[in-house]
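Here the structure comes first, spelled out in structure tokens, and everything after it is commentary.
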Amino acid sequence: MDVYKKTEAALRAREQHLEQLIDTVPAMIWSMTEKGHPAYLNKRIMEVTGATRETIMAPDGSLSLKKMIHPNFLDLAEQTFAKSVATGAPYNIKYLQRRADGAYRWTETRAEALRDETGKIVRWYGVSVDIHDLIVTQTELHLRKQELTRLVDLVPSHIWRLTPAGEPNFFNRRFIDFLGLDESDLETSRTERYAAALNAAIHPDDAVRLWAELKHCLLTGLPFSMRYRLRRHDGVYRWMDGRAEPLRDEDGSIIQWHGLSHDIDDQLRGEEALRESERSLRQLVETLPALIYCAAPNGEPIYRSEKLREFLGFGLGDKDEDGRTRLAGTLEAIIHPDDLPDVKEKYGLSLATGSPYAMKHRLRRADGVFRWVETRTAAMRNGEGEIVQWNGISFEIEDQVRAQEALTLTQERLARAAQAASLAELSASIAHEVNQPLAAVVANSHACQRWLTLDPPNLERAQKTVERIIRDANSAAAVVGRVRALFRQTVEARSLCRLDAILHEARDLMLEEASRRRIRIEIDIEAGLPPLALDRIQIQQVLVNLIRNGLEAMEPTQHRALHIRCARTGDLLRTEVRDTGVGIDVPDKVFEPFFSTKSNGMGMGLAISRTIIESHGGRLWAENNQPSGATFVFTLPVETKADHDR
């Protein structure tokens, strides 16, 4: 009995020790019967979850996990445990377990069956471990990994990784898509697929150089940097800027190589386009037939075109001297001494105000000869309106200046010739206008002589003829005076006159000639015409000239009537002399000096008539009639003023 009692006490002490051990183990330990009914919960599981053997037992004695497991995992946990009890397979599940404070934490539960010598299950023993922090950490790491993966895949570059031996073992999504890799190919390893795709993508002209450089970097550990071409999945080669650096461990050994290839094809094409544009612009500047230069905001020269350098015979810094600016030295070396003060003044004003500069001056050529140039300079500004550079251009105008001098000399000679021609025109005008009254004087003299030679002499008729001679002589003198006044552009002898009276006087003067030619003169004058400030003799001279031309034009025709009409049109008095002759081929040209449609005409009558009308502020022109004849029309303003500027 003593031995029995000692053995029993030892067993109880051992059982107590095991219970203490189980209760103090940092894990939730439990056991189930062979049928899966709750049998035991250690102290820790009851403290953590607040559950007891009674709370997890259904009325029929089976396991009930409703109060311990999150609803989302309840069905999975019960089905998994039922399957293990039925099959005897180990039980393993991760789920959210409800704690005593109502919070849910991730828990991993494992259970295995205890069997007897025959293999029959006699008890299930399980342990539940809190893995919440581990799950949260793994979740965070997974999210960070996903984020980094997305970041690596979304970076607008091709990211890759090599082993220390140079074997590719990672391409980002953008690089995979660029190469057109098929990731569904599982027969070959990723490294083999990446290596084969990379070998096929490198441009043949760049392959030898690229592999040699990469091999050198792998051997020496130096960073890799190179530009090369890669073939895209569509067969197009694109320029890449590839860079890679080694990742080392604490001992300095290379663990792997991380590389990046940036697509610079568009950049290189843009740079090439810019270089081509620059070359084109430079060629344009250098081939322009002009001298081009640039200056800093303070006017200091910073660029000269090749043509300007050749013209001057020296470069930018060749005239630099201590104590004097480059601008001052340059201006003194190239500008003619007589032009230098004006150039400095105007250029200085442009630099001070920012206004454009333009000037003609003489520029010293490389051979020492001064040539006339026209220089223009304007400021180039930035977005804020500040001057960043002055751009200038000079055109050589030596030939233009010489041509202008020759032109000026020619104009002076032409002016002298025009004066001589004017004198001849004046002489012809006087001869033309005086011819009519002088012819009348001669005719009347012969008539007077006939009256006096009669037997007996007819003194009365002779007296009247002498009066006509005096009248015609005075008329000739007046014509000479008026023509001279006309060409002196004076307004002498103008007074208020009635145009209808002048029309009747002109008709009376031409009646004898009209009767001789058997032509009828008809006058239609509007009543109440206002008086005008006119030179009576000059206007009468115009009317006589137009009437005579009309009479002569109707000489070969059957309809012999000359119509004269005068009426007011607005602020003008309009006078028309209409004939029924053959018309005029060139209505505008008949007013040119010395142009005549008559075989014995001088071509001055209409030219003088237009000059007279225009000197009175009016207009004179000709129109052809339908079906035949011509009309000469002139207008005079109601308030006539002499045109002193003609």
Side-chain angles (χ1 to χ4, degrees), residues 426 429-430 432-434 436-437 440 467-468 470-514 521-550 562-578 591 604-623 631-646:
L426 176 61
S429 300
I430 294 174
H432 178 275
E433 298 304 324
V434 171
Q436 180 71 22
E467 291 175 358
R468 291 177 181 173
I470 295 172
R471 181 197 66 186
D472 293 338
N474 289 332
S475 178
V479 167
V480 172
R482 294 301 185 272
V483 171
R484 293 179 61 191
L486 174 65
F487 282 92
R488 288 200 308 269
Q489 298 183 350
T490 64
V491 292
E492 298 175 359
R494 291 193 181 182
S495 59
L496 287 177
C497 303
R498 301 189 65 85
L499 188 57
D500 52 351
I502 300 176
L503 279 170
H504 285 99
E505 291 176 358
R507 182 197 60 180
D508 293 342
L509 289 173
M510 298 305 298
L511 275 177
E512 183 177 350
E513 183 174 349
I521 299 178
E522 299 177 352
I523 294 182
D524 179 12
I525 300 176
E526 182 180 315
L529 296 180
L532 305 178
L534 306 173
D535 186 318
R536 189 183 192 93
I537 299 300
Q538 288 185 351
I539 299 301
Q540 185 185 95
Q541 181 180 351
V542 170
L543 288 168
V544 169
N545 191 19
L546 296 180
I547 293 172
R548 180 184 296 111
N549 288 343
L562 185 71
H563 302 277
I564 302 174
R565 184 176 183 276
C566 184
R568 180 166 182 169
T569 304
D571 294 334
L572 300 173
L573 292 189
R574 178 185 175 100
T575 303
E576 300 177 356
V577 179
R578 181 187 299 268
F591 294 99
M604 289 301 301
L606 290 176
I608 295 173
S609 297
R610 173 173 276 185
T611 302
I612 291 172
I613 295 300
E614 290 179 350
S615 70
H616 283 76
R619 290 180 56 232
L620 171 62
W621 71 93
E623 300 173 351
T631 299
F632 285 84
V633 185
F634 68 86
T635 59
L636 293 172
V638 173
E639 294 184 1
T640 306
K641 296 181 181 179
D643 186 356
H644 296 282
D645 299 329
R646 291 189 180 278

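Note that the structure is predicted; figures quoted are calculated from it, not measured. We number each residue from 1, following the sequence as shown.
Annotation for Phe591 and Leu606: closest pair CD2-O, 3.7 Å, computed over non-hydrogen atoms. Here the closest non-hydrogen pair linking Pro530 and Val638 is CG-CG1, 4.0 Å. Closest heavy-atom contact between Asn545 and Ser609: ND2-OG, 3.0 Å. Nearest heavy atoms, Leu543 versus Ala506: CB-CB, 3.7 Å. Of all heavy-atom pairs spanning Pro637 and Gly617, the tightest one is CD-O, 3.4 Å.
Between the CZ atom in Arg548 and the CG atom in Leu562 there is a gap of 12.5 Å [rounded to 0.5 Å]. Between the CD1 atom in Ile612 and the CG atom in Asp535 there is a gap of 8.0 Å [rounded to 0.5 Å]. Here CZ of Phe632 is found 10.5 Å from CD of Glu623. Values are rounded to the nearest 0.5 Å. Atom CZ of Phe634 is separated from atom CH2 of Trp621 by 10.0 Å, given to the nearest 0.5 angstrom.
Under the 4.5 Å side-chain criterion, counting only non-hydrogen atoms from C-beta, Cys566 is not in contact with Ile523. Considering only heavy atoms from C-beta on, Arg507 stays 4.5 Å or farther from Leu503 through its side chain. Contact check for Leu636 versus Leu534: side-chain heavy atoms found under the 4.5 Å cut-off. At a threshold of 4.5 Å between non-hydrogen side-chain atoms, the residues Leu572 and Arg619 do not count as touching. For the pair Leu620/Glu614, no side-chain contact is recorded, criterion being any heavy-atom separation below 4.5 Å from C-beta on. Looking only at side-chain heavy atoms (C-beta outward), Asp500 and Glu526 stay at 4.5 Å or farther from each other. Using a 4.5 Å heavy-atom threshold, the side chains of Ile613 and Ile539 count as touching.
Applying the salt bridge (charged side-chain N to carboxylate O under 4.0 Å, His left out) criterion to Arg568, with sequence neighbours excluded, gives no partner residue. Take Glu522 and apply the salt bridge (charged side-chain N to carboxylate O under 4.0 Å, His left out) test, not counting sequence neighbours, and it matches Arg520. Residues meeting the side chain to side chain contact (heavy atoms under 4.5 Å, CB included) test with Ala514, sequence neighbours left out: Ile521, Leu551. Applying the side chain to side chain contact (heavy atoms under 4.5 Å, CB included) criterion to Glu467, with sequence neighbours excluded, gives Gln463. Under the side chain to side chain donor-acceptor pair (under 3.5 Å) criterion, Arg574 pairs with Glu576, sequence neighbours left out. Scored by the salt bridge (charged side-chain N to carboxylate O under 4.0 Å, His left out) test, Asp524 finds Arg565 as partners (sequence neighbours excluded).
Around CG of Asp571, the count of heavy atoms belonging to other residues, nucleotides or ligands within 6.0 Å does not exceed 12.
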Could you go through the side-chain contact (heavy atoms from CB on, under 4.5 Å) check for Ile608 and Gln541 one step at a time? CA-CA 9 Å; Ile608 295 173; Gln541 181 180 351; 4.2 Å; yes

Test side-chain contact (heavy atoms from CB on, under 4.5 Å) applied to His616 and Leu532, step by step: CA-CA 10 Å; His616 283 76; Leu532 305 178; over 6 Å; no

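Panel note: side chain Arg536, backbone Ile502; no donor-acceptor pair is recorded below 3.5 Å.
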